[in-house]
Amino acid sequence: MKTSTLAIAGGFCALAISQFAVAEHTDNPAAQIRAGRHALQQNHPEAALQDFNAALQGIKQAPHQYQPDRLAALSGKGYAALWLGNDHQAYRAYAQALPLAKKPIDRQAVSVGLARALIANGRPIEAYDVVQPYRHTAPAALQSAIAANLLDWNVMAKHDLALAAPTGIYQGPDWQSRLYQITQNYVDFALRPKLRLGFHYSSDSDSNINQVYSADALWPGHWLSAANLNPTFWQAGYQQTQVSDPTGQVGLSAIRAGWTAVPNRDWHYSILGGLGTSRNWTYTTVHAAALYQPSDSWGIDAGADREPIRTYTAVQNHILVNTLSLGGFGRLRDIGTLSATYFHQSFSDNNQRNGVVIRATPEFLSLGRWPISLGIQGYYRQYHSSTVPYSGYFNPRNYREAIGYLIYVQKFSPYWTLRFYSGFGSQTIDGATSGVQDYFGTLTGLVAPYCAVSLTGGYSNIANAYGGGPGYHRSYFGGEISIPF
């Protein structure tokens, strides 16, 4: 389950708000807080947010008189902001309210609200830690389960769901009961064995066509993962690829097996190795990735891949590419995320390539009470190849690209999310610069409890392993369905 999938649902929260002093006039902070709470009861979060902001402004002007009302105003603002999808406002409100919450019941309520805001802002590790002292209560245990599921700690998430509803029926408001059921569906699906079927098709202006079909079985096991966090998921499967262009057609068949493990709270890793054949050629494949992320603010990742280049000429010449990568990311609260990755590629024709990829992604903007977010991303890639070998794949000696993306995210329901990227920029191939465009989208969803679906498609004139240069373009689409058994 993606972080954004439950963020909107998590915004509809219930808080215990401290009592505030009764005032004589209708325009003082206490009266405005009452008006804000009434607006929430009438399903008018925009009006409520205005009332709570007005109350906070009044408190600021007369802090000695109205300071006791500050906790109630901040808690109400956080509630209304989450309802509207203004996740950053909600986080700031709850973060300011937490030091003011002296009573245990107030501190518990604000902590749960803060956890919801952290989840909505893509910070599940902090959210999980914030509510740990209160897991004996249903609202806190539910938020703990949501955060654990987002972190792939699904055994822990299942335990938290049992704390939230020991009888299997959540005792609370209707929206919390629905959120409990949604979370339970995600956790149950994540823990079950599955059959995963995939398909990918691509075609470019050089008439290079790829068709990839895959089938994999995944089942939970033991040994390599922390038993209290998540099972080790073992995987075995088969992939069939058809490659064609005007010069010919060839097929590649491969079997593969591996696993995904969560050995502790900080580490995730996966390994998938395979053996492939194509006519009189036998080769090995590897896909391995490791992530070390001790907090929401930073992480380090590494990868190793070995695979054939999927063009007819490259397959005929038995060309494999081995890729090693090392990168990391850092996040500044309320500002955005910067990531950088160094990669080295070694080709079986003795070509060596070194490059770097950099992404800068400011925090997304939520659009009012609609489940829509907008974001931007700056993307930069550069590499240098040691040699320019015989034809078979696109290989300039020097390459760089710089692209700016506009990102649109819409949540159709807690189960279905659409992401669309529109990119415009330039690429330079051995000193020749040209404009480029890149469009692609993904649709992901869960048809609980029957299957999970992921669809992708795009169009681009950015150079890749298949080709590049003026006039080059490529389109593709694919999908994957996971069916539990």
Side-chain angles (χ1 to χ4, degrees), residues 3-20 26-60 69-98 100-101 106 108-123 127 139 142-143 146 172-180 182-183 334 363-375 409-415 417:
T3 298
S4 57
T5 306
L6 289 180
I8 297 299
F12 300 93
C13 55
L15 290 171
I17 301 178
S18 298
Q19 292 183 347
F20 48 82
T26 59
D27 59 348
N28 61 34
Q32 290 162 334
I33 291 170
R34 288 198 299 273
R37 298 179 71 184
H38 179 72
L40 290 174
Q41 292 172 355
Q42 299 299 313
N43 297 322
H44 297 305
E46 301 99 330
L49 187 59
Q50 293 178 1
D51 289 329
F52 290 125
N53 279 327
L56 288 167
Q57 188 62 33
I59 294 169
K60 183 178 180 181
D69 298 329
R70 183 171 168 78
L71 173 60
L74 287 169
S75 298
K77 178 179 179 178
Y79 184 109
L82 272 177
W83 191 331
L84 290 167
N86 296 330
D87 305 328
H88 295 95
Q89 282 194 54
Y91 165 74
R92 287 191 291 269
Y94 283 123
Q96 294 174 40
L98 189 60
L100 303 175
D106 290 336
Q108 173 186 315
V110 174
S111 295
V112 172
L114 179 59
R116 293 186 175 103
L118 287 166
I119 289 172
N121 280 279
R123 291 154 61 181
L142 178 55
Q143 291 306 310
I146 294 170
D174 288 344
W175 70 266
Q176 286 190 12
S177 298
R178 290 193 296 270
L179 181 58
Y180 169 84
I182 290 168
T183 308
D334 302 327
E363 294 287 356
F364 277 51
L365 171 67
S366 300
L367 299 183
R369 43 186 322 183
W370 293 283
I372 295 172
S373 297
L374 295 178
V409 180
Q410 180 170 357
K411 305 174 187 69
F412 296 104
S413 75
Y415 293 106
T417 302

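Hydrogens, waters and symmetry mates are skipped; everything else that's a heavy atom, side chains included, is used.
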- prompt: Please walk me through it: do V110 and L71 pass side-chain contact (heavy atoms from CB on, under 4.5 Å)?
  reply: CA-CA 9 Å; V110 174; L71 173 60; 4.0 Å; yes
Taking all heavy atoms of [X] and all of [Y], pick out the closest pair and write down the distance.
X    : Y    : result
S373 : K411 : OG-NZ, 4.2 Å
Q176 : L142 : O-CD2, 3.9 Å
A90  : L82  : CB-CG, 3.5 Å
D69  : P29  : OD2-CB, 4.3 Å
L56  : A73  : CD2-CB, 3.6 Å
A80  : A48  : CB-CB, 4.2 Å

query: When you measure from the side chain of N28 to the backbone N and O of A31, does any donor-acceptor pair fall under 3.5 Å?
result: yes
field: Side-chain (D87) to main-chain (N121) donor-acceptor, under 3.5 angstrom
entry: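 A pair under 3.5 Å: no.
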message: Could you go through L374 and V409, starting from their C-alpha distance and side-chain angles, then the distance that decides it, and tell me whether this counts as side-chain contact (heavy atoms from CB on, under 4.5 Å)?
response: CA-CA 6 Å; L374 295 178; V409 180; over 6 Å; no
Once you round to the nearest 0.5 Å, how far does [atom1] of [X] lie from [atom2] of [Y]?
X    : Y    : atom1 : atom2 : value
T183 : Q143 : OG1   : CD    : 8.0 Å
E46  : W83  : CD    : CH2   : 9.5 Å
L74  : F52  : CG    : CZ    : 10.5 Å
D51  : R34  : CG    : CZ    : 11.5 Å
Q89  : N53  : CD    : CG    : 6.5 Å
I59  : I33  : CD1   : CD1   : 5.0 Å

message: Run the side-chain contact (heavy atoms from CB on, under 4.5 Å) test on T417 and Q410 for me, step by step, so that the C-alpha distance in whole Å, both residues' side-chain angles and the decisive distance to 0.1 Å come before the verdict.
response: CA-CA 6 Å; T417 302; Q410 180 170 357; over 6 Å; no
- request: Please identify each residue that fulfils side chain to side chain donor-acceptor pair (under 3.5 Å) with Q50, with sequence neighbours left out.
  value: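 Q50 satisfies side chain to side chain donor-acceptor pair (under 3.5 Å) with no residue once adjacent residues are dropped.
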- request: Could you tell me whether R116 sits above the aromatic face of Y91, with NZ or CZ closer than 6.0 angstrom to the six-membered ring centre and within 45 degrees of the axis?
  value: no
field: Steps toward side-chain contact (heavy atoms from CB on, under 4.5 Å) verdict (H44, H38)
entry: CA-CA 9 Å; H44 297 305; H38 179 72; over 6 Å; no
